[in-house]
There are 2 protein chains.
Amino acid sequence: MAATMKDIARRTGLGLATISSYFNGGNVREKNRIKIEEAIEELHYEVNEVARGLKTNATRTIGVVIPELNNTFCAEIITGMEDVLRSHGYATIVCDCRTDKKLEREAVEFLIRRRVDGIINMPVDEEGNHLKRFQKMGKPIVLIDRKIQGIDCDSVLVDNKKAAEDAVRYFIGRGHRNIGIIGGPEEVFTAQERMAGYYKALESAGIPVRESLIWHGDYTIQGGVRGLEELVQNNPEMTAVFVTNYEMTMGAMIGVNELGIRIPEQLSMIGFDNLQFARACNPKLTIVAQPTDGIAREVAKVMLNHLENAGETSGELFSEKLETEIIAGKSVRVLA
Amino acid sequence: MAATMKDIARRTGLGLATISSYFNGGNVREKNRIKIEEAIEELHYEVNEVARGLKTNATRTIGVVIPELNNTFCAEIITGMEDVLRSHGYATIVCDCRTDKKLEREAVEFLIRRRVDGIINMPVDEEGNHLKRFQKMGKPIVLIDRKIQGIDCDSVLVDNKKAAEDAVRYFIGRGHRNIGIIGGPEEVFTAQERMAGYYKALESAGIPVRESLIWHGDYTIQGGVRGLEELVQNNPEMTAVFVTNYEMTMGAMIGVNELGIRIPEQLSMIGFDNLQFARACNPKLTIVAQPTDGIAREVAKVMLNHLENAGETSGELFSEKLETEIIAGKSVRVLA
DNA sequence: TTGAAAGCGCTAACAT
DNA sequence: ATGTTAGCGCTTTCAA
């Protein structure tokens, strides 16, 4: 069994409180400090965070619930968050709920049992019922990427409407009029926003929206393949297509390859996320890039704020919208 | 504050032990069972796993230390593992050590403080010193993908030598003689094995190994770009190149695009991992595919075996080598 | 500055 | 089948 503070107390002849105070930055006589440190060294003592958590009612652990770890956008955000959280002494328990509302709810209950100090969630259930019980416990919740109705809490979002607007304007500015879109699931917040941006850009340019140019996908690779095939087949006059997330962008590229379509001669394309993938495409893909690292750091910061200034929360809900950026490649043709 | 078992005891008039026994599958009179369940419902009781962990000296938490979450191979394995571990009631704390030995050691200490029941590690430090203390505590360690010297423990590997051998043979069988390789860091186990496979395939075909055709990369995207550029520049006669991990494969594709090289007319290529990426390449890339999901499930299984049959471990070290597979695309030209 | 002691929420041994 | 109780390793009053 691992050494405990009692062992150190015995070995040094000091009381438990002194040892504890040593670990918690209290004042300890120089002589005793040295004795304690020797004992720690010899006994290979490591603080038991479990016991500490039971006593202090704070586990220094935060739970992260996401729809799909196996999704670059999620993975990148988690990498960034985990990095800053751990450097502040917080552990991160990641739960992948596979885009399933039932699993998402179970994940939250799982985290409640483990008494995490806070939850970071990229929500699948847009009603937010899965979070209500946790919120009632007075512990902080930070939402990433998607807002939900039933829950008032902090969130870190991306300006998705503007992102899509920018992309479509980019096409329009280069002479395109028949612009298709491979959108996301209609019930997902980001998908709605991106679709709204598509509408807005077309409307403000006086281009009528045509239903046949709109494909509602599901944010998966296979959905992207399918979407591209359908759009191409139904719209011989389409000269450009905007794909609204990374997985579908990959799918659209697969579709393009399998149909033997040449980019940008036969079809112009703007994708989403993952600059490296864009560079690996031939020709290099023009994309909308999200500030994943910025999101990650912002989320961690907001969460740490709650945790370290417990009590004195300003009452105001934090809600930031980060900006995206278009990274130009060679996949958009300039029409005469 | 959250409800405790004491609250349930008070509310039902039962003793603590009865409640505890209810939660641990003991026998409880039907009438009392109902009373307990009503109380749970009304009090919104959730077991406190922290207290339970302190008492039982088992946190039902396992730590995972990997070099880079932001790496598809790692992310896929973690997704799979976390899935099966959580369905058995185990939480997973993931620590990304950014391929840094110091951070890796710190991650293990962090996990020791949190008293995880086991550690799963894709090791960066090939001497394994970071794991020694944990191992002395008698808790299980499972290594993924890389073996290390100093530590005797279970491991789940891939037959990397054969993987590389197969790839190079694939080239040879199609008439290639001047075959380049973009290898990994020389100190990394998988990189050594893959390099060994390259040598073996060439030697058994009677083709002399030429140093100029070998590039030692670092398993990063940028390393792949650089490797491809160097190999192409130094070997005008090279007709084929084998890239030995996913990130470098992506990098090599970027390099190919930026140099304007046509595949497979000017250069044949076999990459590594990520079938979807391979399909998105133009032309579709031939790759060596690792059974990531198989690895993930195997690792979780081995770990659960240790945890659930504590004590009666067979003493034998488990070490499985899974097989890879070549998925043919159109990136390898048949030479006359 | 240091020590003694209570108690966080649970499990398990023992008694009933 | 159920109740009583000690104690897991720590923090935190309260005294000294």
Side-chain angles (χ1 to χ4, degrees), chain A residues 1-37 39-40 43-61 89 91 112-117 137-139 310, chain B residues 1-37 39-40 43-61 89 91 112-117 137-139 310:
Chain A
M1 272 298 303
T4 71
M5 279 182 21
K6 238 186 198 160
D7 297 322
I8 299 189
R10 237 194 312 271
R11 212 168 197 305
T12 56
L14 294 165
L16 264 184
T18 311
I19 320 292
S20 176
S21 144
Y22 167 84
F23 283 114
N24 295 292
N27 280 331
V28 176
R29 220 193 298 278
E30 178 69 5
K31 215 176 68 183
N32 291 332
R33 216 205 63 219
I34 295 176
K35 275 208 273 186
I36 294 177
E37 282 167 0
I40 292 176
L43 298 172
H44 296 307
Y45 176 79
E46 296 273 359
V47 174
N48 185 332
E49 291 282 356
V50 179
R52 187 180 263 179
L54 176 61
K55 179 66 196 181
T56 60
N57 198 24
T59 51
R60 294 176 149 276
T61 302
I112 289 178
R113 268 178 260 130
R114 304 199 101 92
R115 299 298 190 269
V116 295
D117 297 339
M137 305 172 84
K139 292 182 173 175
Chain B
M1 272 295 302
T4 70
M5 280 183 21
K6 238 184 198 164
D7 297 323
I8 299 189
R10 237 195 311 273
R11 213 169 197 305
T12 57
L14 295 164
L16 262 184
T18 312
I19 320 292
S20 176
S21 143
Y22 167 84
F23 283 113
N24 295 292
N27 279 332
V28 177
R29 218 194 298 280
E30 177 70 5
K31 216 175 67 182
N32 290 331
R33 218 205 62 220
I34 294 176
K35 274 208 272 185
I36 294 177
E37 283 168 0
I40 292 175
L43 297 171
H44 298 307
Y45 176 78
E46 296 274 1
V47 174
N48 185 332
E49 291 282 357
V50 179
R52 187 181 264 176
L54 177 61
K55 177 67 195 180
T56 60
N57 198 23
T59 51
R60 296 174 150 275
T61 302
I112 289 178
R113 268 178 260 132
R114 303 199 103 91
R115 300 297 192 266
V116 294
D117 296 339
M137 305 174 83
K139 293 182 174 176

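The chains referred to below are lettered A, B, ... by the order of the sequence lines, with proteins before strands, and numbering in each begins at 1. Atom set for the values below is all heavy atoms of this structure, side chains included, hydrogens, waters and symmetry mates excluded.
- When heavy atoms are screened at a 4.0 angstrom cut-off, Tyr22(B) is found touching no nucleic acid atom at all.
- Looking at Ser20(A), its side chain never comes within 3.5 Å of a backbone N or O of Leu16(A) through a donor-acceptor pair.
- In this entry the distance linking NZ of Lys35(A) with C1' of dG3(C) reads 14 Å, nearest Å.
- Distances shown here put a side-chain N or O of Arg52(B) below 4.0 Å from the OP1 or OP2 atom of dT11(C).
- Backbone-only contact: Thr56(B) has heavy atoms under 4.0 Å from sugar-phosphate atoms and none from a base.
- If you check dT12(D), dT2(C), dC10(D) against the side chain of Ala17(A), the one that comes closest is dT12(D).
- What separates CZ of Phe23(B) from C1' of dA12(C) is a distance of 16 Å, to the nearest Å.
- Here the straight-line distance linking atom CG of Leu43(B) with atom CE of Met5(B) works out to 13.0 Å at 0.5 Å rounding.
- A straight line from CG of Asp7(B) to P of dG9(C) spans 8 Å, rounded to a whole angstrom.
- Within the structure, every side-chain polar atom (N or O) of Ser20(A) is placed at least 4.0 Å from both OP1 and OP2 of dC10(D).
- Within the structure, a side-chain polar atom (N or O) of Asn27(B) is placed less than 4.0 Å from OP1 or OP2 of dA1(D).
- In this model, no side-chain donor or acceptor of Lys55(B) finds a partner on the base of dG9(C) within 3.5 Å.
- Both Thr4(B) and Leu16(A) sit near DNA chain C, but only Leu16(A) has its closest nucleotide nearer the 5' end.
- Interatomic distance, Arg60(B) CZ to Arg113(A) CZ, rounded to the nearest 0.5 Å: 10.0 Å.
- Asn24(A) comes within 4.0 angstrom of the backbone, heavy atoms only, and of no base.
- The CZ atom of Arg11(B) sits 10.0 Å away from atom CD1 of Ile8(B), with the distance rounded to the nearest 0.5 Å.
- With rounding to whole Å, Glu46(B) atom CD is found 11 Å from dC10(C) atom P.
- Rounded to whole Å, atom C1' of dT2(D) lies 16 Å from atom CD of Glu30(B).
- Summarising the geometry, the separation between CG on Asn57(B) and P on dG7(D) is reported as 17 Å, rounded to the nearest angstrom.
- Under the 3.5 Å distance criterion, the side-chain polar atoms of Thr59(B) are matched with a main-chain donor or acceptor of Arg115(B).
- Proximity of Thr18(B) to the phosphate of dA1(D): no side-chain N or O atom is located under 4.0 Å from OP1 or OP2.
- The distance between atom CD1 of Ile36(B) and atom P of dA1(D), rounded to the nearest whole Å, is 13 Å.
- In this structure, Glu49(B) places its CD atom 20 Å from P of dC8(D), rounding to the nearest Å.
- Nucleic acid contact for Val28(A): sugar-phosphate only, since backbone atoms but no base atoms lie under 4.0 Å from a heavy atom of the residue.
- Comparing Ala51(B) and Arg29(B) by the nucleotide of DNA chain D that holds the closest heavy atom to each, the one mapping nearer the 5' end is Arg29(B).
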